[in-house]
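Reviewing the structure listed below.
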Amino acid sequence: MSTVRCRIAPSPSGFLHIGTAKMALFNWLYARKTGGTFVLRLEDTDAERTDEAFVQAMCEGFKWLRVDWDEGPAFGEEGPRGDLGPYRQSERKALHQEAGLRLLAEGKAYRCFCSKEDLDAEREAAQKEKRHRKKCPCRLLDPAEGEQRKDEQHTVRFMVPEGHTEVADLVQGTVKTDNRELDDFVILKPNGDPIFHLAVVVDDALMQITHVIRGDDHLTNAARHVLLFDALGYERPQFAHLPMVLDDKGKKFSKRLHGANVLDWRDDGYLPEALINYVALLGWTPAEENRELFTIEELQAAFAPERWSKSAARFDRKKLDWLNGQHIRALEPAKLQARLVAILKGAGFDTAQKDDAWFATLTEVCQEKLSTLNQIVELSDFFFQEVTEYEEKPVKKQWQVEGAAELMTQLIACMEGVEDWNRDTLKAAYHALGEETGVGLGKMVHPTRLALTGKSIGPGLFELAELLGKETSLTRMRKGLEYIATL
RNA sequence: GGCCCCAUCGUCUAGGCUGGUCUAGGACACCGCCCUUUCACGGCGGCGACACGGGUUCAAAUCCCGUUGGGGCUACCA
């Protein structure tokens with residue numbers, strides 16, 4: 001049994017797109033599931049659109065996603081690896097040309113001297129008259145004549161045979177195409193550069209790719225590729241054309257949209273394992289029914305192409321949020337803590353003033369509440385900066401009422417009386433005060449929260465007060481009391 | 001225009017191949033209740049779909065045809 005070899009072949013003409021990431025992920029997961037090899041190949045033949053900066057950007061995307069490859073070119077900071085290289089298409093031109101010329105020599109391709117204008121005119125006429133395009137006259141040219149004129153400007157076209165082409169697709173089933181729909185396509189440009197179709201086929205064959213898993217925008221192209229595989233005497237790989245990723249409106253996920261760049265999700269506080277989990281679910285259903293939450297390792301074990309979906313799916317941010325929250329909750333506290341500290345630091349807060357134990361407590365208190373890592377900022381900013389303003393609504397409800405000042409005064413006294421300051425002692429003190437005065441706990445908690453944080457929502461009050469410390473808490477309470485006097 | 005692919009709750013989907021067990025199951029979102037100092041988490045419940053039209057059949061979400069809608073290809077881009 002030959003081992004599985006699959007690949008992702010991105011064109012480094014921008015950042016790592018979410019759609020490319022899906023295809024990479026499916027290939028990668030499939031390779032990992034089967035114990036096969038995952039190859040990265042850069043399709044950088046279009047020099048105008050390729051840029052080393054994009055190579056770096058894409059590498060960052062893959063790295064963050066934790067999608068690693070077994071063979072590939074030097075990519076970003078990664079060194080090259082693999083024996084079937086080079087893995088940059090631009091360095092494989094000679095191989096492509098060799099294949100093209102071989103087809104020419106075998107009479108399976110021909111030199112075409114038609115002008116672009118004539119070709120365009122015929123294409124237009126054919127469309128208007130609702131007929132297939134006429135065969136190019138060069139097709140009938142004596143190969144010897146073509147050989148003679150080879151210094152003239154020309155392209156090399158593949159001679160599509162008559163009949164039908166069938167592509168066996170893992171996802172789409174067998175797709176049959178009338179070869180008349182595929183007119184003799186160009187395989188070598190006038191400057192000798194290969195066209196995409198030739199390059200992929202040659203590279204996939206030479207790199208011994210067994211499974212071509214890619215977007216269904218290539219489904220029609222697959223017929224051309226199969227023809228080329230056959231003509232070149234290469235074994236056809238197994239094809240699987242996956243639906244592309246749609247945005248929330250059901251349109252193709254545009255490059256311009258926020259979230260199109262995989263790193264947007266990193267910057268927005270998402271976990272790579274959550275994104276991977278989500279995207280995998282976007283086109284694959286676990287055999288185990290009613291299960292959605294998977295770690296990367298679990299995904300690698302469960303992933304099966306029998307359950308790949310044929311229909312396109314929209315990207316639903318809300319569901320990703322939920323999954324992200326689930327993954328955050330599943331995270332080891334120490335790991336979560338490290339990520340949260342980094343985010344707070346990045347937000348400009350002086351994290352050095354707190355110690356490790358303090359952050360451990362903060363993490364413990366917030367782990368259940370986060371759906372994205374970045375939410376830690378709004379959840380805990382008041383620990384790092386003074387409360388300078390109070391939310392309007394809770395001020396009205398808690399402070400702009402009869403007896404608010406008296407209550408605050410009582411609460412301050414109550415706090416002052418707490419000797420060993422922590423969540424339990426403070427809570428006990430509040431309970432005691434409540435019993436004494438007959439005021440409900442909620443009536444005391446909310447004004448206190450407002451004074452300590454300026455907000456109406458946040459971590460548990462006693463927990464956050466513990467974290468804030470007695471002194472700071474009291475200072476803020478007194479400040480709140482002063483504020484009440486101005487109302 | 002031609003050709004190809006797709007079509008179940010708002011969204012992701014199960015079921016379809018091997019019609020009856022589907023008055024269509026789950027998840028997210030939404031709504032309500034419970035838990036609760038807030039928010040979140042968790043628990044319970046609710047709302048909510050087989051695109052449309054024909055056909056085959058005793059019986060169709062499931063099979064066939066058509067229509068509509070969406071996507072793709074139709075390059076000397078990848």
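Chain letters run A, B, ... following the sequence lines, proteins first, then strands; residues in each count from 1.
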Practice task
Would you indicate what R157(A) reaches in the nucleic acid, counting non-hydrogen atoms under 4.0 angstrom: base, sugar-phosphate, or nothing?
Solution key: sugar-phosphate
Practice task
Using a 4.0 Å cut-off on protein heavy atoms (strictly under), produce a 5'-to-3' string for nucleotides 36-51 of chain B with B for base contact, S for backbone-only sugar-phosphate contact, and - for none.
Solution key: -BBBSSS---------
Exercise for the section: For H132(A), report the nucleic acid contact type (base, sugar-phosphate, nothing); a contact means any heavy atom under 4.0 Å. Expected result: nothing
Practice task
For R307(A), report the nucleic acid contact type (base, sugar-phosphate, nothing); a contact means any heavy atom under 4.0 Å.
Solution key: sugar-phosphate
Handout entry: Nearest-nucleotide pick for F196(A), side chain only, options being rC12(B), rC6(B), rA78(B)
Key = rA78(B)
Problem - Donor-acceptor pair between D203(A) and Q89(A) side chains, under 3.5 angstrom - result: yes
Exercise for the section: Rounded to the nearest angstrom, tell me the gap between atom CG in L246(A) and atom C1' in rC5(B). Expected result: 13 Å
Handout entry: Lys/Arg N to Asp/Glu carboxylate O, D247(A) vs R314(A), below 4.0 Å
Key = no
Exercise for the section: Looking at every strand, decide which applies to K443(A) at a 4.0 Å heavy-atom threshold: base, sugar-phosphate, or nothing. Expected result: nothing
Problem - Salt bridge flag under 4.0 Å for residues D321(A) and K318(A) - result: no
Problem - Side-chain donor/acceptor of K116(A) to base of rA75(B), under 3.5 Å - result: no
Exercise for the section: Decide whether D268(A) and H258(A) meet the rule of one side-chain donor and one side-chain acceptor closer than 3.5 Å. Expected result: yes
Practice task
Examine rC4(B): is either OP1 or OP2 under 4.0 Å from a nitrogen or oxygen in the side chain of R224(A)? Give yes or no.
Solution key: no
Practice task
Output the residues of residues 186-194 of chain A in contact with RNA chain B, where contact means a heavy atom of the residue under 4.0 Å from an atom of the strand; sort by number or write none.
Solution key: V186(A), K189(A), P190(A)
Fill in the blank from the handout: M244(A) has its side chain closest, among rG72(B), rC12(B), rA78(B), to rG72(B)
Problem - Aromatic plane relationship, F62(A) with F75(A) - under 30° parallel, 30 to 60° tilted, over 60° perpendicular - result: tilted
Handout entry: Cationic N near anionic O, under 4.0 Å, R339(A) to E273(A)
Key = yes
Handout entry: Check: H197(A)/H225(A) side-chain N/O donor and acceptor closer than 3.5 Å
Key = yes
Practice task
For D217(A), answer base if it contacts any base atom (sugar-phosphate contacts may also be present), sugar-phosphate if it contacts only those atoms, and nothing otherwise; contact means non-hydrogen atoms under 4.0 Å.
Solution key: sugar-phosphate
Practice task
Check every atom of rA27(B), rU74(B), rA14(B) against the side chain of E289(A) and return the nucleotide holding the closest atom.
Solution key: rA14(B)
Handout entry: Same-atom distance (P) from rC47(B) to rC41(B), integer angstrom
Key = 22 Å
Problem - Base paired to rC77(B) (Watson-Crick or G-U; both N/O distances under 3.5 angstrom) - result: none
Completion exercise
Numerically ordered, the residues 253-262 of chain A set in heavy-atom contact under 4.0 Å with RNA chain B is none
Exercise for the section: Look at E181(A) together with R224(A) and state whether they make a salt bridge at an N to O cut-off of under 4.0 Å. Expected result: no
Practice task
Can you label the angle between the F229(A) ring and the F239(A) ring as parallel, tilted or perpendicular, going by 30° and 60°?
Solution key: perpendicular
Practice task
Output yes when at least one side-chain N/O atom of K176(A) is less than 4.0 Å from OP1 or OP2 of rC4(B), else no.
Solution key: no
Practice task
Scan every strand shown for a Watson-Crick or G-U wobble partner of rG20(B), both distances under 3.5 Å, and answer none if you come up empty.
Solution key: rC58(B)
Practice task
Just grab all the salt bridge (charged side-chain N to carboxylate O under 4.0 Å, His left out) pairs involving residues 447-468 of chain A, residues at least two apart or on different chains.
Solution key: D381(A)-K455(A), R423(A)-E466(A)
Practice task
Look through every strand shown and name the nucleotide pairing with rG66(B) as Watson-Crick or G-U wobble, where both distances are under 3.5 Å.
Solution key: rC52(B)
Practice task
Quick one: label K252(A) by what it contacts on the DNA or RNA (base, sugar-phosphate, nothing), any heavy atom closer than 4.0 Å.
Solution key: sugar-phosphate
Handout entry: Sugar-phosphate only, base, or nothing, as touched by R123(A) at under 4.0 Å among non-hydrogen atoms
Key = sugar-phosphate
Practice task
Take atom CZ of F315(A) and atom C1' of rU13(B), then tell me their distance rounded to the nearest Å.
Solution key: 16 Å
Exercise for the section: Can you tell me the distance, in whole Å, between the OH atom of Y110(A) and the P atom of rC76(B)? Expected result: 11 Å
Exercise for the section: Quick one: label H218(A) by what it contacts on the DNA or RNA (base, sugar-phosphate, nothing), any heavy atom closer than 4.0 Å. Expected result: base
Exercise for the section: Choose from rC3(B), rA78(B), rC12(B) the nucleotide whose nearest atom is closest to any side-chain atom of S11(A). Expected result: rA78(B)
Practice task
Assess the pair F196(A) and H218(A): is the distance between their ring centroids shorter than 6.0 Å?
Solution key: yes
Completion exercise
For F382(A), the ring pair (Phe, Tyr, Trp, His ring centres under 6.0 Å) test, sequence neighbours excluded, returns none
Exercise for the section: Quick one: sort the W399(A) and Y483(A) rings into parallel, tilted or perpendicular, breaks at 30° and 60°. Expected result: tilted
Handout entry: Nearest-nucleotide comparison on RNA chain B, the residue closer to the 5′ end among I195(A) and D178(A)
Key = D178(A)
Problem - Test: E152(A) and R111(A) ion pair at under 4.0 Å - result: no
Handout entry: Assigned partner base of rC3(B), Watson-Crick or wobble definition, under 3.5 Å
Key = rG72(B)
Exercise for the section: For the pair F303(A) and F26(A), name the ring-plane relationship: parallel under 30°, tilted 30 to 60°, perpendicular over 60°. Expected result: perpendicular
Completion exercise
salt bridge (Lys or Arg N to Asp or Glu O under 4.0 Å) test vs E122(A) passes for just one of K135(A), R131(A), K116(A), K128(A), namely R131(A)
Practice task
Go through residues 199-206 of chain A and report each residue with a non-hydrogen atom lying under 4.0 Å from RNA chain B, sorted by number.
Solution key: none
